[in-house]
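Worksheet: the structure to be examined is printed underneath.
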Protein chains: 2
Amino acid sequence: MGRNSGSRHDGTSLPVTRDVVKATAIRLFSERGYPVIGMRDLSEAVGILPGSLYAHIDSKEALLLDIVKSGVENFTEALTPIVAMDLPGSERLRMALRAHMEVLAVNLDQTRVTFHQWHYLTGERHDQMVGARQEYEDVFRSLLRDGSRDGSLHPRAERKVTALTIIGALGSATEWFTPTGSSSPQQLAEAIGDLVLSGLSAERD
Amino acid sequence: MGRNSGSRHDGTSLPVTRDVVKATAIRLFSERGYPVIGMRDLSEAVGILPGSLYAHIDSKEALLLDIVKSGVENFTEALTPIVAMDLPGSERLRMALRAHMEVLAVNLDQTRVTFHQWHYLTGERHDQMVGARQEYEDVFRSLLRDGSRDGSLHPRAERKVTALTIIGALGSATEWFTPTGSSSPQQLAEAIGDLVLSGLSAERD
DNA sequence: CCTACCGATCGGTAGG
DNA sequence: CCTACCGATCGGTAGG
């Protein structure tokens, strides 16, 4: 029970591929954190023996890097075309917030790992993701800069602080967003957009 | 070298007390994460042998709980009097943001552990902190409610989402705030306050 | 706070 | 993907 290839606890079975290992790792790392998940936890959830995992992956940390790298790609692929659009900065910012929440909602577990577990990478793998994270910050900084220039945004504080605050708010959404909640990702993006664009003090829309 | 009680790598020495163990743990847990810090890392940093730690603490997890509980207290002690003040919601919200950033700046490492490592607690210890976190969320929800009633705040979205977004932004500040940076905690709180209160789209102050 | 040690678990491998 | 196993490290303890 649980030892045969591809057998799952719901009784169905599927071939154990690299993608199955990765998807299972995403779920476990998201739920309990990368460092506390052992290769034995992962192999049991997948339905093979611990040593057999290494037919699919090189190492635990290489698996984490793979998850985090493709997790970042989900966001850059969604946001890059928006940034390049010929629209006011304020509109592109709103679209970027919506795109972020939609990607987050579709890949919630992977986004959690991407935003909150990447720093367990070491050495060169770590440096790689520091760069990727910086690029994502730059996306928002450039939207703020464009909006200031075209007159659609009026950030009162340093753009860097503003960008980090917005990204922080988005990153925290991985912790409280629930797919079964009453609000859709689009509605949540609208709410965050209202807060960031209009603030709380006036009733102007 | 490093084995004598209280000897530190800078050559000075101090008595090893429970507070020294706690302060050292705060630094290590903050820098590298609770699960990856072993008791041997901690004992070495403190300057005693691994088993000797248990003269000062009951267990690794009890140490984490102690850190996280007092970390939460730092915030509730600073915010409770502000919430009780007889002022418009908008002003109390601004004061709350400033108080949060000031506590965060003074106890940066402990705040990092408090906000980002508490979920490694298990069982009853875990449930305890879920409650404490909820109380902190309620502080901001009640400020938003009061502000709506007295007319000083006009949240466009659900108060819950707004509160979570604000708390998320504040929580993320632990990741990018640097004590040596160009902006003081007060300036950063002002910037976040401007963003939350006034938004980005208008030039009204 | 040290000495000496415990059983359990860790990521990973050789050879099939 | 399994069998059988490796050395290293884990949190923690008894007795001083």
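Everything quoted here is computed from the prediction, not taken from an experiment. As a basis for the values below, the full set of heavy atoms in this structure was taken, side chains included, without hydrogen atoms, waters or symmetry mates. Each chain gets a letter, A, B and so on, in the order the sequences are listed, and its residues count up from 1.
- C:dT13: Watson-Crick or G-U partner is D:dA4, with both key distances under 3.5 Å.
- Between the CD atom of A:E44 and the P atom of D:dC2 there is a distance of 13 Å, given to the nearest Å.
- The two residues B:I82 and B:A99 have their closest heavy-atom pair at CD1-CB, 3.6 Å.
- Residue A:L49 contributes atom CG, which lies 18 Å from atom P of C:dA14 at whole-angstrom precision.
- Considering CG of B:L170 and CG of B:L97, their distance stands at 5.5 Å, rounded to 0.5 Å.
- Whole-Å rounding puts the A:L53 CG to D:dT3 P distance at 14 Å.
- Distance, A:R18 CZ to D:dC1 P: 13 Å, rounded to whole Å.
- Using bins of under 30°, 30° to 60° and over 60° for the plane-to-plane angle, the ring pair A:Y136/A:H100 lands in the tilted bin.
- For the pair A:D109 and A:I26, the tightest heavy-atom approach, listed with the atom from each and the gap, is CB-CG2, 3.6 Å.
- Comparing D:dG12, C:dC2, D:dC2 against the side chain of B:S59 picks out D:dG12 as the nearest.
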What are the atom names and distances for every N/O pair under 3.5 Å that joins the protein to nucleotides 8-10 of chain D?
none

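- When the nucleotides C:dC2, C:dC1, D:dC1 are ranked by their closest atom to the side chain of B:V16, C:dC1 comes out on top.
- At least one cation-pi condition fails for A:K60 and A:Y120: the charged atom is not both under 6.0 angstrom from the six-membered ring centre and inside a 45 degree cone around its axis.
- Once rounded to the nearest 0.5 Å, the distance linking OG1 of B:T122 with CZ of A:R32 reads 11.0 Å.
- Dashed line: the shortest gap from a side-chain N or O of A:Y54 to OP1 or OP2 of C:dG12 is under 4.0 Å.
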